[in-house]
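Beneath this line is the structure, given in structure tokens, with notes to follow.
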Amino acid sequence: MRQWSMRIKAYAERLLTGLETLDWTDSVKDIQRNWIGKSTGCSLFFSLWRGTEGEDASSEYKIEVFTTRPDTVFGVSFVVLAPEHPLVDEITTEEYKEAVENYKKAASLKTERDRQSDVKNITGQFTGAYVLHPFTNEKVQIWIGDYVLASYGTGAVMAVPCGDQRDWDFANHFNLEIKNIFENVDISESAYTDKSGKIAHSDFLSGLEIKDAMKKAIEEIEKRGLGKGKTNYRLRDAVFSRQRYWGEPFPVYYKDGLPTIIETQHLPIILPEVEKYLPTEDGEPPLGNAKTWAWDTTKNSVVSNELIDNKNVFPLELNTMPGWAGSSWYFLRYMDANNETEFVNKEKADYWKSVDLYIGGSEHATGHLLYARFWNMFLFDQGYISFAEPFQKMINQGMILGRSSFVYRTLEGNTIVSASKKNEYNTIPLHVDIALVDNDKLDIEGFKKWRSDYADAEFILEDDGTYVCGHEVEKMSKSKFNVQTPDELVEKFGADTLRMYEMFLGPIEQAKPWDTKGINGVSNFLRKFWRLFHQGADYAFEITEGEPTKEALKTLHKTIQKVTADLERFSFNTGVSNFMIACNELSDQKCNNRQILTDLVVLLSPYAPHICEELWVKLGHEAGSINKATYPKFNEAYLVSDSFSYPISFNGKVRIKVDLPSSMNAKEIEDHVMGMSELNKYLEGKQPKKLIVVPGRIVNIVV
RNA sequence: GCCCAGGUGGCGGAAUUGGUAGACGCGCUGGAUUCAAAAUCCAGUUCCGCGAGGAGUGCGGGUUCGAUUCCCGCCCUGGGUACCA
């Protein structure tokens with residue numbers, strides 16, 4: 001099948017190094033690094049040995065292998081080619097033709113997936129041919145084996161059983177030689193794959209540390225013209241066509257069977273109407289069913305297929321583009337969505353620049369997030385935009401998981417066993433709708449109605465006569481019957497409460513089961529916050545004017561400082577708790593001062609927009625204007641206090657606290673502490689060995 | 001196997017540069033108010049111990065005056081990935 005693909009491989013190195021400039025989690029960066037799979041080593045040519053012993057070694061055929069361990073070259077005891085390697089037929093001797101053919105056939109029948117899942121099963125076939133070892137000139141057998149992949153490296157490996165576990169297994173299985181080229185290492189049970197130690201029995205490499213031997217080996221290989229240093233990437237080019245209808249059509253027609261691009265001024269090409277979105281009878285993609293899907297080069301428009309004459313009118317491409325054709329750059333289009341002539345105006349792109357914050361799941365690490373980076377780099381290289389990376393900062397939000405409930409059905413099928421007794425029977429778990437379960441107890445009648453095939457089932461219950469379900473935390477999904485909709489909670493507590501509770505649950509990156517147990521805590525907070533503005537038995541709106549107290553100002557500015565810092569590091573859960581602290585403190589202070597409450601409402605408005613909007617209007621502002629209010633300014637002057645409660649610790653354990661003026665220096669603190677009579681109890685008559693004073697922090701006495 | 005993230009009360013979690021472990025909330029216990037309930041308020045709540053006190057951040061070591069935080073080894077959980085030479 002002829003397909004389009006994108007040369008993402010050409011960007012492998014830049015996609016790798018670019019990661020270092022990004023503010024992403026290590027785990028997503030690592031997933032991309034592994035996917036790109038850079039490995040450095042060298043290529044090395046083995047000449048084919050032809051004919052009889054002693055004959056001239058130089059043959060027209062050379063087999064190129066890629067290795068990351070050139071230091072082990074003297075441990076080579078055979079060479080393995082992928083079954084699909086182009087030289088296999090050429091080199092196989094008459095005697096082994098049939099066996100090799102059979103092996104190739106067997107391998108080709110296996111899918112790539114089968115080949116990968118069948119790792120433990122070692123297979124291979126000798127070809128009868130030999131290469132000559134590039135340094136020792138010894139004869140080395142050539143095998144084929146499907147553990148060597150045609151699509152990676154050169155499709156051929158030099159097998160070093162002592163240094164590679166797969167080679168060791170292969171050698172062990174086929175009784176091939178296992179040379180030991182490591183100093184003082186036992187390889188009788190498995191290969192030695194560590195990259196530390198010394199090389200032995202290896203001519204010019206003997207006695208060298210492995211790392212040094214690698215360098216020396218490549219040097220020598222290059223010097224003798226046997227190969228050269230090389231880097232390989234695991235990343236493959238990305239297929240860019242799909243055999244389906246719903247995708248952007250390619251602006252491409254086929255002239256004499258060769259694809260030709262339609263010029264920009266004639267775009268866009270719009271998907272044709274089709275009767276059905278299915279492939280054609282002879283297996284062409286759905287666009288093969290279109291009746292108007294040909295390109296007229298004189299009119300520069302899409303015309304009926306009947307007009308195809310292959311002189312002026314040609315057939316159009318039938319594949320369409322994949323999802324990532326759009327997902328790789330939509331964020332650029334957002335900057336200039338109505339532009340009819342360019343995908344984005346350069347000036348606008350320069351103004352808005354790359355995405356500041358990308359909140360998304362790490363499941364896109366090897367797909368969308370890699371393609372978008374590649375696409376963006378290409379546009380950058382072409383000068384359309386001025387930034388190479390599309391997403392500077394990324395947060396991977398954790399998934400909210402569901403709590404599934406299970407009933408246990410016997411294998412025979414018509415008995416349902418309660419959780420604690422399930423092990424007495426041979427049962428399988430079945431998901432049950434969580435709407436039918438309350439506190440793990442099953443509504444049996446409801447269950448019978450829900451699954452009519454179990455209407456006549458027998459139930460084996462707990463001793464107290466109830467049916468108890470099992471449970472597990474997993475992804476929320478209709479098929480697992482564990483989906484909880486927020487509607488009910490919004491109904492009961494309001495959208496502000498639900499929103500804040502979600503933020504309060506814990507760090508944004510963390511996955512957690514959806515548990516509404518604590519939601520009334522947030523609800524209580526919002527009610528308490530409301531009460532700051534409403535006094536008396538009938539909760540009438542009432543605030544006081546004038547200058548706030550020192551205490552209230554301290555609470556406010558402490559809150560501004562903390563909440564702002566929390567916002568900047570996306571720590572919403574601690575943000576919410578700081579609002580709770582502020583509310584508790586102001587309640588205790590009985591503060592309902594206008595200045596304080598106005599600033600607090602603005603601060604809280606991103607968290608609880610509905611309530612804050614209402615309070616904002618009650619404070620006398622125009623409806624809808626809170627979004628335009630100035631963000632409260634933090635003033636450190638309100639936070640300075642003139643005393644500090646010093647913890648006094650003995651050998652690191654805090655025992656006493658003492659209030660001291662903040663202005664005291666280390667020496668003064670020391671003098672004061674040493675004069676304290678409370679010390680005696682902990683000193684037990686001994687002299688302290690050492691005293692550490694950290695002003696503004698702690699005093700530690702070493703006994 | 002390899003790579004990454006994580007492991008703190010009954011529970012969700014906090015501790016931003018090594019400096020008072022358990023903020024905030026849930027739950028629980030006791031009390032006030034109420035005919036009663038809801039709501040609200042007050043007090044308590046890491047564990048052991050009546051107490052004085054002791055122990056304590058997965059386990060075992062180390063560095064330090066001082067470690068949830070840094071270093072070494074191990075265990076467990078979650079995620080990714082795998083004949084990639």
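Computed over heavy atoms, backbone and side chain alike; hydrogens, waters and symmetry mates excluded. Just so it is clear: chains get the letters A, B, ... in the order the sequence lines come, proteins before strands, and each one is counted from 1.
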Which whole-number value in Å describes the distance from [X] [atom1] to [N] [atom2]?
| X | N | atom1 | atom2 | result |
| --- | --- | --- | --- | --- |
| A:Met580 | B:A23 | CE | P | 14 Å |
| A:Asn524 | B:C41 | CG | P | 8 Å |
| A:Leu370 | B:G80 | CG | C1' | 15 Å |
| A:Asn520 | B:A39 | CG | P | 9 Å |
| A:Asp515 | B:G27 | CG | P | 11 Å |
| A:Asp30 | B:A82 | CG | P | 15 Å |
| A:Asp164 | B:G1 | CG | P | 18 Å |
| A:Asn700 | B:G19 | CG | C1' | 9 Å |

Can you tell me how far [atom1] in [N] sits from the matching atom in [M], rounded to whole Å?
| N | M | atom1 | answer |
| --- | --- | --- | --- |
| B:G22 | B:G27 | P | 22 Å |
| B:G13 | B:G49 | C1' | 29 Å |
| B:A52 | B:U57 | C1' | 26 Å |
| B:G10 | B:A5 | P | 28 Å |
| B:C74 | B:C28 | C1' | 37 Å |
| B:G54 | B:A21 | P | 14 Å |
| B:U63 | B:C71 | C1' | 7 Å |
| B:A14 | B:U8 | P | 11 Å |

Students often get this wrong, so: under 4.0 angstrom with heavy atoms, is [X] touching a base, only sugar-phosphate, or nothing?
| X | result |
| --- | --- |
| A:Lys653 | base |
| A:Ser577 | base |
| A:Ile31 | sugar-phosphate |
| A:Lys657 | base |
| A:Arg527 | sugar-phosphate |

A:Ala156 vs A:Val694, nearer the 5' end of RNA chain B by closest nucleotide
A:Val694
Between A:Pro647 and A:Ser362, name the one whose nearest nucleotide on RNA chain B is closer to the 5' end.
A:Pro647
Closest listed nucleotide, where the reference is the side chain of [X] and the choices are [options]:
| X | options | answer |
| --- | --- | --- |
| A:Thr574 | B:C24, B:U81, B:A15 | B:A15 |
| A:Phe504 | B:A5, B:G25, B:A85 | B:G25 |
| A:Arg531 | B:C4, B:C41, B:A85 | B:C41 |
| A:Arg166 | B:C84, B:A5, B:U20 | B:C84 |
| A:Asp566 | B:U17, B:U16, B:G12 | B:U16 |
| A:Asn584 | B:C42, B:C24, B:C65 | B:C24 |
| A:Val654 | B:U40, B:C42, B:U20 | B:U20 |
| A:Arg569 | B:A15, B:G19, B:A85 | B:A15 |

Does [N] have OP1 or OP2 under 4.0 Å away from a side-chain N or O of [X]?
| X | N | result |
| --- | --- | --- |
| A:Arg655 | B:G54 | yes |
| A:Ser649 | B:G19 | no |
| A:Lys690 | B:C65 | yes |
| A:Gln510 | B:G13 | yes |
| A:Asn573 | B:G12 | no |

Is the ring pair [X]/[Y] parallel, tilted or perpendicular, if the boundaries are 30 and 60 degrees?
| X | Y | answer |
| --- | --- | --- |
| A:Phe533 | A:Phe541 | parallel |
| A:Phe170 | A:Trp143 | perpendicular |
| A:Phe126 | A:Tyr130 | perpendicular |
| A:His557 | A:Phe634 | tilted |

Apply salt bridge (charged side-chain N to carboxylate O under 4.0 Å, His left out) to A:Glu84 and A:Lys104, showing your working.
CA-CA 7 Å; A:Glu84 303 86 350; A:Lys104 278 176 64 179; over 6 Å; no
Residue matched to B:G78 through Watson-Crick or wobble contacts both under 3.5 angstrom
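Across all strands, the one nucleotide that pairs with B:G78 is B:C4.
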Checking understanding here: a glycosidic angle within 90° of 0 is syn, the rest anti, so what is B:G49?
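Judged by the O4'-C1' to base torsion, B:G49 sits in anti, the angle falling more than 90° away from 0.
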Looking only at atom types and distance, does a side-chain atom of A:Gln165 sit under 3.5 Å from a main-chain N or O of A:Ala191, one as donor and one as acceptor?
yes
